[in-house]
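Lettering of chains follows the sequences in order, A, B, ..., and the numbering in each one begins at 1.
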Protein chains: 4
Amino acid sequence: MSTLKNHVQLIGNVGQEPQITNLESGKKVARLSLATNEYYKNSEGEKIQNTEWHTIVAWGKTAEIIEKYAGKGKEIGVTGKLKSRSYEDKDGIKRYVTEVEANEILLLGTKNGNNSAD
Amino acid sequence: MSTLKNHVQLIGNVGQEPQITNLESGKKVARLSLATNEYYKNSEGEKIQNTEWHTIVAWGKTAEIIEKYAGKGKEIGVTGKLKSRSYEDKDGIKRYVTEVEANEILLLGTKNGNNSAD
Amino acid sequence: MSTLKNHVQLIGNVGQEPQITNLESGKKVARLSLATNEYYKNSEGEKIQNTEWHTIVAWGKTAEIIEKYAGKGKEIGVTGKLKSRSYEDKDGIKRYVTEVEANEILLLGTKNGNNSAD
Amino acid sequence: MSTLKNHVQLIGNVGQEPQITNLESGKKVARLSLATNEYYKNSEGEKIQNTEWHTIVAWGKTAEIIEKYAGKGKEIGVTGKLKSRSYEDKDGIKRYVTEVEANEILLLGTKNGNNSAD
DNA sequence: TTTT
DNA sequence: TTTT
């Protein structure tokens, strides 16, 4: 999908170890939870943190970079697109989820510099 | 939320008339469904359309622009951020939704030019 | 260059006919001038237009789309990256220019819809 | 200027100490040089670095954050818009420059976390 | 549910 | 569930 039509960019921290699936085709899929944190002061001057959690899905080479480098707690940048899909949960209830399909991962805050997925 | 940390941009067509809610505070909320369309040719050379649907939420002045100008079928650009929230549906089932909270709307393809929300 | 590291997005109108160059290799280069327009009201309530002009350079397939569809006056979207280079002008003075190297063009406001470069 | 119409995003390293100017109004202006680095392997398999340099200009509160935190070598993210202007150099030659006017700075890779300009 |  |  065109970067102009459907484009997401996130910078945040990986919430837990990414879940890697090896497809029969040999391709990898990575799925991770990313927190983006916003800070602001409320009317009493207290520092408030507002965290948003995002589900990131990545395929192929980008998934491999996640597996190797994007462990729990790591600060990463992600670009990709929004995709929604539905599935039936274990109770047979139809669920809808919206995920960010990553086409690029950037490792931030690493001593040895950035490591981008392209 | 910072544009660097949590940023979404979409260009597409409004699926149906936006739903406008007037809050008691006098503020407006607009909620609309936006289609982003991707076209590609499959291995048989047929033109395939892949449509992704997004829920857009906007507040205040941006909601007013949507109410006035972003009717069904209109081509618009949106920037904003990803937000997820949960609610209980009418059957008491907990549901999660991910929406794009718009901070800017751009009206495209209008004779009298663009009309941005800022 | 990574979309996270160096990313430009513009929506505006083509200032004059794009200049197309056919390289010996058979590849095309397109060069065009794009206006981005901002409107605001000054303290007297007068509507002020502030126009910024950008030089866009595109190669190959993207250049072909520009040649065919992005004529003078057309409203287009562009994504790409910032690149600077120097050259000597006809008086032997070293000049520096900053251009946007496009990797995607989106035709907006056309009756027959959008035509993206990918 | 609208984020949809004129938007730049960069992630890179500060080339030298930012130059800070205190205007008579009390406002600050910061000007800095930012390197964005791309790495790729050439046909011989050698790792090649391609660096692009950008001039960033920031005003007010964003300039203050640069002064305090964005010293030489620091990894930062920047969003803003493209602006071009002309001036006469010391030899009376008219020069054109294109700069990124920052509206947000994000400090990356710091032990004490990110510090955004908004 | 849009648009081409 | 991260990070500061």
Side-chain angles (χ1 to χ4, degrees), chain A residues 1-2 4-6 10-19 31-41 46-56 66 69-78 84 86 96 105 107-110, chain B residues 1-2 4-6 10-19 31-41 46-56 66 69-78 84 86 96 107-110, chain C residues 69 77 106-117, chain D residues 65 69 77 106-117:
Chain A
M1 172 73 70
S2 147
L4 273 155
K5 292 179 179 173
N6 182 348
L10 303 169
I11 294 179
N13 297 281
V14 179
Q16 42 195 185
E17 288 306 323
Q19 167 199 331
R31 183 169 239 92
L32 69 81
S33 196
L34 189 75
T36 53
N37 297 298
E38 177 184 27
Y39 305 97
Y40 62 92
K41 290 213 172 95
E46 297 165 305
K47 191 179 177 185
I48 307 293
Q49 171 172 331
N50 183 22
T51 299
E52 200 67 45
W53 287 97
H54 312 272
T55 300
I56 314 295
I66 287 173
Y69 302 114
K72 181 175 175 174
K74 285 287 168 58
E75 184 187 23
I76 66 172
V78 174
S84 295
S86 64
Y96 298 85
I105 296 287
L107 307 178
L108 298 168
T110 49
Chain B
M1 174 73 72
S2 146
L4 273 155
K5 291 179 179 173
N6 183 347
L10 303 168
I11 293 179
N13 297 282
V14 179
Q16 43 195 186
E17 288 307 324
Q19 166 199 331
R31 183 170 239 91
L32 69 80
S33 195
L34 189 76
T36 52
N37 297 297
E38 177 184 29
Y39 305 96
Y40 61 92
K41 290 211 172 95
E46 298 164 304
K47 191 179 177 183
I48 307 293
Q49 172 174 328
N50 182 22
T51 300
E52 201 66 45
W53 287 96
H54 313 271
T55 300
I56 314 295
I66 288 172
Y69 302 112
K72 181 176 176 174
K74 286 285 169 59
E75 184 187 23
I76 65 172
V78 175
S84 296
S86 64
Y96 299 86
L107 308 177
L108 298 167
T110 48
Chain C
Y69 302 113
L106 186 62
L107 307 178
L108 299 167
T110 48
K111 245 208 204 106
N112 45 338
N114 300 331
N115 242 307
S116 84
Chain D
I65 287 168
Y69 301 113
L106 185 62
L107 307 179
L108 299 167
T110 48
K111 248 211 202 102
N112 44 340
N114 299 331
N115 243 306
S116 86

Nucleotide E/dT1, atom C1' - distance to CD of B/Gln19 in whole Å: 13 Å
Selected nucleotide, minimal atom distance to A/Asn13 side chain, candidates F/dT1, E/dT3, F/dT2: F/dT2
Euclidean distance, B/Glu17 CD relative to B/Ser33 OG, rounded to 0.5 Å: 12.0 Å
Nearest-angstrom distance from the residue atom CD1 of A/Ile48 to P of F/dT3: 20 Å
Nearest-angstrom distance from the residue atom CG of D/Leu106 to P of F/dT4: 14 Å
Among E/dT2, F/dT4, F/dT1, the one nearest B/Gln49 by side-chain distance: E/dT2
Interatomic spacing from CD1 in B/Ile76 to CG in B/Leu34 - rounded to 0.5 Å: 5.0 Å
Rounded interatomic separation in angstrom, taking CD1 from B/Ile11 and P from E/dT2: 20 Å
Separation of atom CG in B/Leu10 from atom C1' in E/dT2, rounded to whole Å: 14 Å
Which residues share a side-chain hydrogen bond (donor to acceptor under 3.5 Å, both in side chains) with B/Ser84, sequence neighbours left out: B/Thr98
Donor/acceptor link under 3.5 angstrom from B/Asn37 side chain onto base of E/dT3: yes
Sugar-phosphate, base or nothing in reach of B/Thr51, heavy atoms under 4.0 Å: base
Atom-pair distance (CG on D/Leu108; C1' on F/dT2), nearest Å: 16 Å
Heavy-atom check, side chain of B/Asn6 versus side chain of A/His54, under 4.5 Å: yes
Side-chain donor/acceptor of B/Glu38 to base of E/dT3, under 3.5 Å: no
side-chain hydrogen bond (donor to acceptor under 3.5 Å, both in side chains) involving B/Gln49 - partner list, sequence neighbours excluded: B/Asn37, B/Thr51
Sugar-phosphate only, base, or nothing, as touched by B/Lys72 at under 4.0 Å among non-hydrogen atoms: sugar-phosphate
Rounded distance (Å) that lies between atom P of F/dT2 and atom CZ of A/Arg31: 20 Å
Interatomic distance, A/Lys74 NZ vs F/dT4 P [rounded to whole Å]: 13 Å
Base of F/dT1 and ring of A/Trp53 stacked, centres under 5.5 Å, planes under 30°: yes
